[in-house]
Amino acid sequence: MLMNQLQFPLNFNFKVTTLSNDFEVTDASNRTISYVRQKMFKFVEEIEVFNNQNKSELIYKINANKWIDFNTAYNFTDKSGKHLGKVARKGWVSMWKTKYDIFDDKDQHKYEIRERNAWVKVWDSMVGEIPIVGMFTGYFFNPKYDLKDLNGKVLMTLHKKPSFFGRKFEVTKAGTTEIPEELLVLSLKMMVLLERRKG
């Protein structure tokens with residue numbers, strides 16, 4: 001399925017039984033539209049996006065432009081190597097409240113992702129350290145992230161769904177405005193990998 005023909009909401013379901021940081025993406029009809037695999041033990045992060053769990057066709061690649069850095073950008077390319085755009089973590093701002101900038105294929109800043117309420121992540125981290133009680137934080141503290149244009153209009157929202165292991169996320173689309181779904185969904189995929197690792 002082409003990324004500009006997606007049926008929302010989308011669900012990101014992480015595979016907790018694998019060593020890799022993998023997750024499957026399904027659409028509103030529960031059809032698999034992609035399978036995201038983060039390569040392990042890489043000095044520079046490399047993510048592959050396949051068309052299904054069998055990894056029969058590589059459709060996108062995401063590569064970091066440098067090793068560990070607060071301003072690392074992650075470049076998107078399709079299977080032919082065409083540059084589609086990139087997403088970049090907004091430096092020290094993201095230490096408190098998550099913020100990412102999204103750039104198009106001409107490297108023009110067009111969109112951004114912002115965490116709706118930073119305190120949710122703080123409480124999730126604090127309560128998660130309490131024995132036994134910490135097991136249930138995934139049911140009560142579920143952050144939300146808004147993807148907006150530069151005028152502040154919300155285009156998509158990603159939120160963590162209640163679960164024991166914090167492995168399920170849902171992406172909804174706001175309205176029917178034509179937007180570059182391919183670029184925006186790739187940006188959310190990369191953000192989820194990074195934010196899930198932070199806790």
Spacing of [atom1] belonging to [X] relative to [atom2] belonging to [Y], to within rounding of 0.5 Å:
| X | Y | atom1 | atom2 | result |
| --- | --- | --- | --- | --- |
| Asn13 | Glu170 | CG | CD | 10.0 Å |
| Tyr100 | Leu194 | OH | CG | 4.5 Å |
| Leu183 | Phe76 | CG | CZ | 6.0 Å |
| Leu10 | Ser34 | CG | OG | 8.0 Å |
| Thr157 | Lys144 | OG1 | NZ | 7.5 Å |
| Asn65 | Tyr74 | CG | OH | 8.5 Å |

Q. Please walk me through it: do His83 and Asp107 pass side chain to side chain contact (heavy atoms under 4.5 Å, CB included)?
A. CA-CA 10 Å; His83 177 62; Asp107 287 336; 3.5 Å; yes

Minimum-distance pair of heavy atoms, taken over all atoms of [X] and [Y]:
| X | Y | result |
| --- | --- | --- |
| Thr77 | Gly81 | CG2-O, 3.9 Å |
| Gln7 | Asp27 | O-CB, 3.3 Å |
| Lys189 | Phe12 | CG-CZ, 3.9 Å |
| Lys61 | Asn63 | CB-OD1, 4.0 Å |
| Tyr35 | Gln53 | CD1-CG, 3.6 Å |
| Ala174 | Val154 | CB-O, 3.4 Å |

Q) What about Tyr111 and Leu6, same hydrophobic cluster or not, with Ile/Leu/Val/Met/Phe/Trp/Tyr joined at side-chain heavy-atom distances under 4.5 Å? A) yes

Q) Same hydrophobic cluster for Ile47 and Leu188, using side-chain heavy-atom links shorter than 4.5 Å among ILVMFWY? A) yes

(Q) Going by side-chain contact (heavy atoms from CB on, under 4.5 Å), Glu182 matches just one of Val185, Ile179, Leu186, Leu184. Which one? (A) Leu186

Q | Side-chain donor-acceptor contact under 3.5 Å, Lys161 with Asn11 | A | yes

Q: Check the side chains of Glu195 and Thr98 for a donor-acceptor pair under 3.5 angstrom, ignoring hydrogens and angles.
A: yes

Q: Sort out for me which residue in Lys148, Arg89, Lys99 forms a salt bridge (charged side-chain N to carboxylate O under 4.0 Å, His left out) with Glu112.
A: Lys99

Q. What's the verdict on salt bridge (charged side-chain N to carboxylate O under 4.0 Å, His left out) for Asp149 and Lys153, showing C-alpha distance, side-chain angles and the deciding distance?
A. CA-CA 6 Å; Asp149 63 20; Lys153 180 180 179 181; 5.9 Å; no

Q. Is the shortest side-chain N to carboxylate O distance from Glu48 to Lys55 below 4.0 Å?
A. no

Q: Could you tell me whether Lys82 and Asp78 have a side-chain N and a carboxylate O separated by less than 4.0 Å?
A: no

Q) Please walk me through it: do Ile113 and Ile102 pass side chain to side chain contact (heavy atoms under 4.5 Å, CB included)? A) CA-CA 8 Å; Ile113 303 169; Ile102 302 173; 3.9 Å; yes

Q) Between Phe23 and Phe14, how do the two ring planes meet: parallel, tilted or perpendicular, split at 30° and 60°? A) tilted

Q: Evaluate the side-chain proximity of Tyr60 to Leu84: yes if any heavy-atom separation is below 4.5 Å, no if none is.
A: yes

Q: Show your reasoning for whether side chain to side chain contact (heavy atoms under 4.5 Å, CB included) applies to Lys79 and Glu57.
A: CA-CA 9 Å; Lys79 60 184 178 181; Glu57 182 184 356; 2.6 Å; yes

(Q) Show, in sequence, the C-alpha distance, side-chain angles and deciding distance for Val171 and Val25, and conclude whether the side chain to side chain contact (heavy atoms under 4.5 Å, CB included) test is met. (A) CA-CA 10 Å; Val171 178; Val25 181; over 6 Å; no

